[in-house]
Student: 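Quick one: the structure is below, and I'll ask about it shortly.
All residue numbers in this chain count up from 1 along the given sequence. Because the structure is a prediction, the values reported are computed rather than measured.
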Amino acid sequence: MLVYQLKRLLAGLVVVALLAGCNSEHAFDFSRLHDVEAEGTWGLPLMNADYTIGDILSLADNPELIQVGNDGTLEIHYEYEVDSVVSASKYLDSYFNNPIEVSGSASFPSMDLPIPSGNMQVLYRDTIPVAFPSDLVVINRADLKSGLITFNITYNVDRQVHVVATCPQIVNASGQPLRVDEISSNGTLHNTYDLSGYSLVLSNNSLEVYLEVSCPLSGAPLPSELSFSYNLSLSQILFSEIRGSFAPLSVPIDNEWDFELDFLKNHLSGSLTLLNPQIKCEIMNTFPVDGVIELEKAEFSGVGVQSSLLRTTPATIYVPGATSQFTPVDLPLATSIMLSPNFEHFKLKGDAVINPNGIGSELVLSENQLIHLRFTVVLPLHLTTDNIVFRDTIPIGNIDIPDEPAFSNLFVRLGINNGIPLNFGMQVYFYDSQTQTVKDSLFMNPQIISSGTEEHPRESELFASREDLRAVQEMLSCDNIILRATVYNDNAPVYIKSDQKLGVQLSVKFNMDVNALVNHEP
């Protein structure tokens, strides 16, 4: 019965061990309670453990982000690789924002018609010039992924007419020119033709379509005055490749990726600034010419917070062309970066200019050409802090401590050997989630643990006591504890290394009236 009662009492003290972030395997070997001599005062060592910074960070949700540098300093590593920061397909697909349209009309006496040939009378011939926009590129040849050519023709001849339109400069994959051959009998012709897989072979950035309208010699009489009108349009043009002379191509950059610092998720307030971030920017440019990127933003951001990697903006990045592997480029880097658990995104924003020197020799622009971008961000934990406050809510089982008159004056001793160059202010609250109230705290005031070094750890002792079991019962009736720790170093830069240790010794003692315990009815 004595052992059972002691187990019930000591089980409630497990929560104290959470001050050091320990796991249950470090605490409470109850077998030591068997066959002990009954004394008036009991003292039990519950824990004697060392925790390194490396051990603590290995418990983070994403420990693979934490690496150890050559000097033992811990580093946060992030890498972003983007295959299409700038894509030629975006430019090629947007070259035709609006259709190219050409219209014309003619009227003349039917008596002016040329002499018939064979059984057909040629009513109308025309050469239709189609000019392409030349402000961005002078096209020599262009391969089409897709496109449409539409003919609208009206006439006032009350006979069946034969319409033929040909264009030697629009050719299919076999090299055959485009030919439209249609019969119409109602005074109008409206047809659209698919240009997918065709190529444009231009001269002076234009092409010509030859139009001929004819009719049989017999039929309804021709009107004395003939009239014809046409409208030709090229629309929905998408290129797979263009050969020609290009003006500078400006392509906007606006990319964003998810980014979270999960191991700071219990952070409450304050700031954490990392000094001398190491950021490597590498670019692979498969365009056949050099480029320039004017980068307005390269930053971590979240609701109400942002932190730029750049010392000045816009940052100019010179991009060598026709590269088949990643090439390092220089960035004007910030000398420090602020970290926040509210970060949600990593954002790049700016403009890329391909072929900045403008029109020159013929270039080939293919839809598969890209600018790849890779950021490797290495953030050594060389940092300053300003009242960083962490909070973690830890569920515990409701522990029922019976009214035993034999036990009183619970006393807890927490010894700390701090080899970490940071000061800590620690407090534990006992929280009842049903009533949403904090019923007690382990200490009267937050307890200060002073900073130390690996060579000279700072020793601290923290004490907590309860004079009777009523206080213990109230404390341990809660279903959660809230661990709150303030970390500060007065903004003095420190290095955090993997082998820096926090030593924890936890022991408890209490008064016991053996006679009262023996005489108490269970």
Side-chain angles (χ1 to χ4, degrees), residues 13-23 26 46-47 49-57 59-60 74 261 263-274 338-342 381-394 396 410-431 437-454 456-466 471 475 478 480-497 500-508:
L13 300 177
V14 173
V15 295
V16 180
L18 293 169
L19 279 171
C22 71
N23 294 318
H26 296 300
L46 302 181
M47 184 197 313
D50 290 328
Y51 299 91
T52 68
I53 292 290
D55 293 335
I56 295 171
L57 290 180
L59 302 176
L74 289 168
L261 293 172
F263 54 88
L264 291 179
K265 64 184 178 181
N266 295 313
H267 172 280
L268 282 181
S269 62
S271 64
L272 178 65
T273 300
L274 301 184
M338 182 268 291
L339 289 188
S340 168
N342 295 324
L381 295 190
H382 180 203
L383 53 86
T384 65
T385 67
D386 182 16
N387 287 328
I388 289 286
V389 179
F390 290 88
R391 183 184 71 181
D392 201 6
T393 300
I394 304 169
I396 60 174
L410 177 69
F411 191 78
V412 179
R413 176 188 176 274
L414 182 64
I416 301 291
N417 269 347
N418 185 12
I420 301 172
L422 294 172
N423 302 300
F424 297 91
M426 307 184 77
Q427 180 59 283
V428 175
Y429 297 98
F430 294 84
Y431 179 73
T437 57
V438 173
K439 291 192 172 183
D440 203 350
S441 62
L442 188 62
F443 304 110
M444 290 292 294
N445 298 296
Q447 299 297 293
I448 303 302
I449 300 173
S450 300
S451 64
T453 65
E454 183 182 0
H456 303 287
R458 182 69 63 88
E459 295 186 3
S460 301
E461 286 187 319
L462 308 181
F463 300 97
S465 64
R466 297 294 185 274
M475 184 172 66
C478 297
N480 289 276
I481 64 169
I482 298 173
L483 174 63
R484 192 176 191 275
T486 302
V487 182
Y488 57 94
N489 65 330
D490 301 321
N491 282 320
V494 296
Y495 286 92
I496 305 300
K497 298 188 176 184
Q500 291 169 348
K501 293 180 181 179
L502 187 69
V504 181
Q505 302 87 38
L506 180 65
S507 60
V508 62

Student: Does Tyr431 reach the side chain of Cys478, with side-chain heavy atoms less than 4.5 Å apart?
Tutor: no
Student: When rounded to the nearest 0.5 angstrom, what distance separates CE in Met338 from OG1 in Thr273?
Tutor: 7.0 Å
Student: What heavy-atom pair brings Leu274 and Leu339 nearest, and what distance separates the two atoms?
Tutor: CD1-CD1, 3.3 Å
Student: Enter the distance from Leu383:CG to Tyr495:OH here, rounded to the nearest 0.5 Å.
Tutor: 10.5 Å
Student: Between Ile448 and Phe424, does the side-chain contact (heavy atoms from CB on, under 4.5 Å) criterion hold? Intermediate values first, please.
Tutor: CA-CA 6 Å; Ile448 303 302; Phe424 297 91; over 6 Å; no
Student: Nearest 0.5 angstrom please: Glu459 CD to Ile416 CD1, how far?
Tutor: 11.0 Å
Student: Does Ile449 form a side-chain contact (heavy atoms from CB on, under 4.5 Å) with Gln447? I'd like the steps, not just the answer.
Tutor: CA-CA 7 Å; Ile449 300 173; Gln447 299 297 293; 5.7 Å; no
Student: Less than 4.5 Å apart, any side-chain heavy atom of Leu422 and any of Ile496?
Tutor: yes
Student: Minimum heavy-atom separation for Phe443 to Gln427, with atom names?
Tutor: O-NE2, 2.9 Å
Student: Taking the side chain as every heavy atom from C-beta outward, state whether Asn423 and Ser450 have any atom pair closer than 4.5 Å.
Tutor: yes
Student: Does a side-chain heavy-atom distance below 4.5 Å link Gln500 with Pro421?
Tutor: yes
Student: Is the shortest heavy-atom distance from the side chain of Val428 to the side chain of Ile482 under 4.5 Å?
Tutor: no
Student: Nearest 0.5 Å, please: how far is CD1 in Ile420 from NZ in Lys501?
Tutor: 11.5 Å
